[in-house]
Structure formats: structure tokens, C-alpha cells
Amino acid sequence: MGSEIKAGGPMRVLVTGGSGLVGKAIEHVVQQEAGKLEGEEWIFLSSKDGDLVDVGQTRAVFEKHRPTHVIHLAAKVGGLFLHMKENLHFLRDNIKINDNVLQTAHEMGVTKVVSCLSSCIFPDKTTYPIDETMIHNGPPHDSNFGYSHAKRMIDVQNRAYFQQYGHRYTAVIPTNVFGPYDNFNIENGHVLSALINKTYKAKKDGTPVIVCGSGAPRRQFIYSLDLGRLIIWALREYKEIDPIILSVGEEDEVSIKEAVEMIANALDFKGEIHFDTTLSDGQMRKTASNAKLRRYLPNFTYTPLKEAIKMTCDWFVANYDIART
Ligand SMILES: NC(=O)c1ccc[n+]([C@@H]2O[C@H](COP(=O)([O-])OP(=O)(O)OC[C@H]3O[C@@H](n4cnc5c(N)ncnc54)[C@H](OP(=O)(O)O)[C@@H]3O)[C@@H](O)[C@H]2O)c1
């Protein structure tokens with residue numbers, strides 16, 4: 001693994017956003033699954049180590065750790081309502097965070113940066129399955145256009161750093177991530193984690209679970225630990241500048257109804273599940289293709305969804321006091 005590492009000595013990897021859902025998963029893989037090679041150093045940052053919106057603080061944190069490699073996860077993220085209200089803040093803060101991280105990495109001679117995009121930045125009007133070549137093919141959904149355009153610019157900037165300086169800065173595009181350390185807030189959290197919290201509360205209160213919409217929309221969910229393993233692979237092995245979708249296959253898409261049933265099973269919830277069809281379903285599907293990833297890693301095994309949901313529910317119950325609810 002990693003010819004780059006042998007050539008340049010052991011990596012010193014700085015992970016921005018290291019305290020979030022994806023960052024904690026990478027930390028777990030590095031520390032608990034022997035993801036760290038001999039001599040390597042991995043540094044996981046939170047916003048307390050420096051506000052990356054600020055260029056001075058970004059430089060200070062890079063000066064302190066002198067990374068050779070960067071996994072860039074930090075982003076200003078929020079729920080749908082906040083995005084709709086504050087597109088300007090999401091646009092400006094994320095443009096600043098991304099430019100500060102990439103330009104400081106360039107100035108300090110960082111060999112490789114892997115940044116995190118999101119499948120929600122794809123064009124709103126598109127054909128399915130979506131693939132990596134379609135990012136810039138049309139405007140993103142109106143609700144989060146600020147966040148989406150800022151994220152799309154990472155891809156543009158990566159190509160420009162390669163053209164002008166030959167840097168191998170690239171990006172990965174995960175679909176819906178879930179796992180320990182997610183945001184489980186019922187209003188602002190990601191769909192699966194919000195449903196875990198809802199079901200947990202319903203069980204405690206002896207009430208039914210009310211799911212927004214019909215339960216028919218289908219999504220590709222990726223367990224954060226699988227994503228962590230894939231991001232580490234991308235850091236070590238993926239040489240392209242063009243981004244790569246990190247997702248389960250199209251055949252592994254499940255309906256929200258199926259996901260709720262798995263959650264109910266995992267939490268041993270025996271009450272009723274109602275689907276409130278007066279509420280919007282959102283997009284019925286946003287299927288992304290993982291064909292490019294499959295060409296690189298035909299044998300990668302994903303944790304079965306049922307198992308991953310069970311592990312996430314167990315973590316949530318055991319860590320309710322520290323979980324973001
Ligand atoms: N979750 C998903 O479903 C999903 C899907 C596709 C892509 N992604 C992308 O994956 C990346 C990680 O997402 P996540 O779900 O792990 O997010 P998360 O759990 O909300 O974590 C966000 C991380 O960014 C840090 N951060 C935020 N603002 C910062 C600032 N101004 N300066 C320094 N650090 C800052 C946070 O630090 P604190 O803990 O100190 O606040 C935290 O470590 C993001 O780029 C996101 O766009 C996520």
C-alpha cells in the first residue's frame with residue numbers, strides 16, 4: 001500500500017472536521033482497526049483547534065502540525081430549514097473554509113488532500129443514476145444552493161491546483177452517511193439518525209412513531225465506518241484529481257419504510273409506525289452510481305445495512321448523554 005508514503009517517509013495526516021460523524025469513523029479505523037501504518041501520525045481536529053473560516057487560524061493549525069497529507073471534512077452543515085434561510089452564510093463560510101484549507105496546504109507543500117463533497121450538490125434536474133461526470137451539469141436544488149456551490153468549487157479548485165502546480169488534490173462524494181457520533185436531532189439531523197432518535201423516544205413514551213411522508217422514497221445509506229475505510233483507501237491509493245462517489249450500489253438502495261422497520265427491530269420497538277402522507281416526501285430517489293469505485297475496489301464489502309443500523313442504535317442508546325440530539 002502507498003508508494004507515495006515509502007517515497008516521502010511516513011505520512012503526517014491532518015483530518016479537518018475530525019470530531020464529526022465521518023472524522024470519528026476515520027479515527028476509529030485508524031486506531032482500532034490497524035488503519036495506521038508504522039511511523040504515521042494522525043491528527044484529528046475540531047473547531048476548538050482553530051476556526052477554519054479564519055485564514056490566520058488555519059495557517060496556525062497547519063504550522064503547528066506540519067501535515068504531509070490532509071483529509072478535509074470540516075464544513076458548515078445544517079438542517080434543511082437553516083440552509084433555506086441562510087444560503088449566503090453557507091456559501092461564504094464554506095468557500096472560506098475550503099479556500100483556507102486548500103491554499104494553506106499548497107503553501108505548506110502538502111502532498112495530497114482528499115476533500116469531502118456530497119451527493120446533495122448534484123444538479124436538481126438530472127438523469128439517474130448520477131455519476132461523477134455530472135456534478136456541474138446544472139443548478140443544484142434551490143434549498144441549499146449556497147452550500148452546494150461552495151462544495152462544487154472544491155472540484156474546480158482541485159483541477160486548478162493540478163493544472164498550475166501539479167498537486168494531486170482530489171475529492172470524494174459520499175451518499176447518505178450514518179453511524180455513531182451523527183447528529184440525531186429530530187428536526188435538523190440526517191434522516192436515518194433522526195428516525196433512530198424518534199423511535200427511541202416513542203418507545204420510552206409508549207407512543208407511535210410518526211414518519212414524515214409515505215416512506216416510499218429510496219436512499220443509499222453508507223455506514224460511517226465503511227466510508228472511513230474508503231476515505232483512507234482514497235488517501236493512500238486513489239491518484240485521480242476527478243472525484244469519486246463512495247456509496248453502496250444502486251441495488252442496495254432502500255425505502256425509508258424499510259429503514260424504519262430495521263430501526264424498530266434494532267431498538268425492539270413494538271409500537272405502531274404511522275406514515276404522515278400530508279407531509280412532503282422530498283425527492284423520491286437520488287440514485288448515485290458506484291461503478292467507478294467498483295472498478296477500483298471490486299471486492300470491497302459493505303457492512304450489511306441491518307447490522308450497521310443495529311450498531312448505530314446500540315451506540316445511540318449507550319451514549320445518549322453525549323449524542324447530538
Ligand atoms: N453526513 C452526511 O450524510 C454527509 C454526506 C455527504 C457528505 N458529507 C460531508 O462530509 C463531511 C463531514 O461531515 P459530517 O457529517 O462528519 O459532519 P459533522 O458531524 O457535522 O462534523 C462537522 C465537522 O466540521 C467541523 N467544523 C465545522 N465548522 C468548522 C470551522 N469553522 N472550523 C473548523 N472546523 C469546523 C466540526 O467541528 P466541531 O465538532 O468542533 O463543531 C466537525 O468536526 C462534510 O464535508 C460533509 O459535507 C456528509
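Remember, it's 1-based here, ligands and their atoms both numbered in the order they're listed.
Note on ligand 1: Asn183 sits outside its first shell, no heavy atom being nearer than 4.0 Å. Residue contacts with ligand 1: Lys24 is excluded, as none of its non-hydrogen atoms falls under 4.0 Å. For Tyr147, the closest heavy-atom approach to ligand 1 falls below 4.0 Å. Using 4.0 Å as the threshold, Gln57 has no heavy atom nearer than that to any atom of ligand 1. Residue Ile173 places every heavy atom at 4.0 Å or more from ligand 1. Within the 4.0 Å heavy-atom shell around ligand 1 one does not find Ser224.
Considering backbone and side-chain N/O atoms, Asp51 comes within less than 3.5 Å of an N/O atom of ligand 1. At least one N/O-N/O distance between Lys151 and ligand 1 falls below 3.5 Å. Every N/O-N/O distance between Gly23 and ligand 1 stays at or above 3.5 Å. Remark: ligand 1 and Leu52 share an N or O pair separated by less than 3.5 Å (distance only, no angle test).
Residue contact check: Ile97 has heavy atoms under 4.0 Å from atoms 31 (N) of ligand 1. The distance from ligand 1 to the heavy atoms of Ser118 drops below 4.0 Å at these ligand atoms: 6 (C), 7 (C). Interface atoms of ligand 1 facing Arg324, defined by a heavy-atom separation under 4.0 Å, are 18 (P), 19 (O), 20 (O). Remark: ligand 1 atoms within the under-4.0 Å shell around heavy atoms of Leu21 are 1 (N), 15 (O), 16 (O), 19 (O). Of all atoms in ligand 1, numbered sequentially from 1 with element shown, those under 4.0 Å from a heavy atom of Thr175 are 5 (C), 6 (C). The atoms of ligand 1 that sit less than 4.0 Å from any heavy atom of Val53 are 31 (N).
Ring geometry for Trp42 against Phe44 counts as parallel: the plane angle stays under 30°, on a 0 to 90° scale with 60° as the upper cut. The aromatic rings of His167 and Tyr169 sit parallel, their planes meeting at an angle under 30°, below the 60° perpendicular limit.
Judged by distance alone, with hydrogens and angles left aside, the side-chain atoms of Asn185 form a donor-acceptor pair with the main-chain N or O of Thr325 at under 3.5 Å. A donor-acceptor pair under 3.5 Å is formed between the side chain of Ser255 and the backbone N or O of Glu258.
The protein non-hydrogen atom at the shortest distance from atom 7 (C) of ligand 1 is Leu117 O, 3.1 Å. With hydrogens left out, the protein atom closest to atom 21 (O) of ligand 1 is Gly20 CA, 3.4 Å, a heavy atom. Of the protein's heavy atoms, Ser19 OG, 2.6 Å lies nearest to atom 39 (O) of ligand 1. Closest protein heavy atom to atom 33 (C) of ligand 1: Gly50 O, 3.4 Å. Atom 12 (C) of ligand 1 has its closest protein heavy atom at Leu73 O, 3.5 Å. Scanning the protein for heavy atoms near atom 25 (C) of ligand 1, the closest one is Gly17 CA, 3.8 Å. Val177 CG2, 3.6 Å is the protein heavy atom nearest to atom 4 (C) of ligand 1. Shortest contact from atom 26 (N) of ligand 1 to any protein heavy atom: Ala74 CB, 4.0 Å.
Aromatic ring centroids of Trp233 and Phe300 lie 6.0 Å or more apart. Aromatic pair Phe221/Tyr223: ring centres not closer than 6.0 Å. The aromatic ring centres of Phe178 and His190 sit 6.0 Å or more apart. In this structure, Tyr200 has its ring center under 6.0 Å from that of Tyr320.
Taking all heavy atoms of Ile121, Val22, Asp93, Asn176 into account, the minimum distance to atom 14 (P) of ligand 1 is reached by Val22.
Looking at Val77 against ligand 1, only its side chain comes within 4.0 Å, counting heavy atoms.
With respect to the salt-bridge test (charged N to carboxylate O, under 4.0 angstrom), the residues Arg285 and Glu253 qualify. Salt bridge annotation for Arg229-Asp226: present, with a cationic side-chain nitrogen under 4.0 angstrom from a carboxylate oxygen. One finds no salt bridge joining Lys310 and Glu307 here, because no Lys/Arg side-chain nitrogen approaches an Asp/Glu carboxylate oxygen to under 4.0 Å. With respect to the salt-bridge test (charged N to carboxylate O, under 4.0 angstrom), the residues Arg236 and Glu40 qualify. Comment: Arg168 does not engage Glu240 in a salt bridge, judged by the lack of any side-chain N to carboxylate O separation of less than 4.0 angstrom.
His65 pairs in a side chain to side chain contact (heavy atoms under 4.5 Å, CB included) with only one of the listed residues (Asp49, Val13, Ile43), which is Ile43.
A 4.5 Å side-chain heavy-atom check between Leu235 and His69 finds at least one atom pair inside the cut-off.
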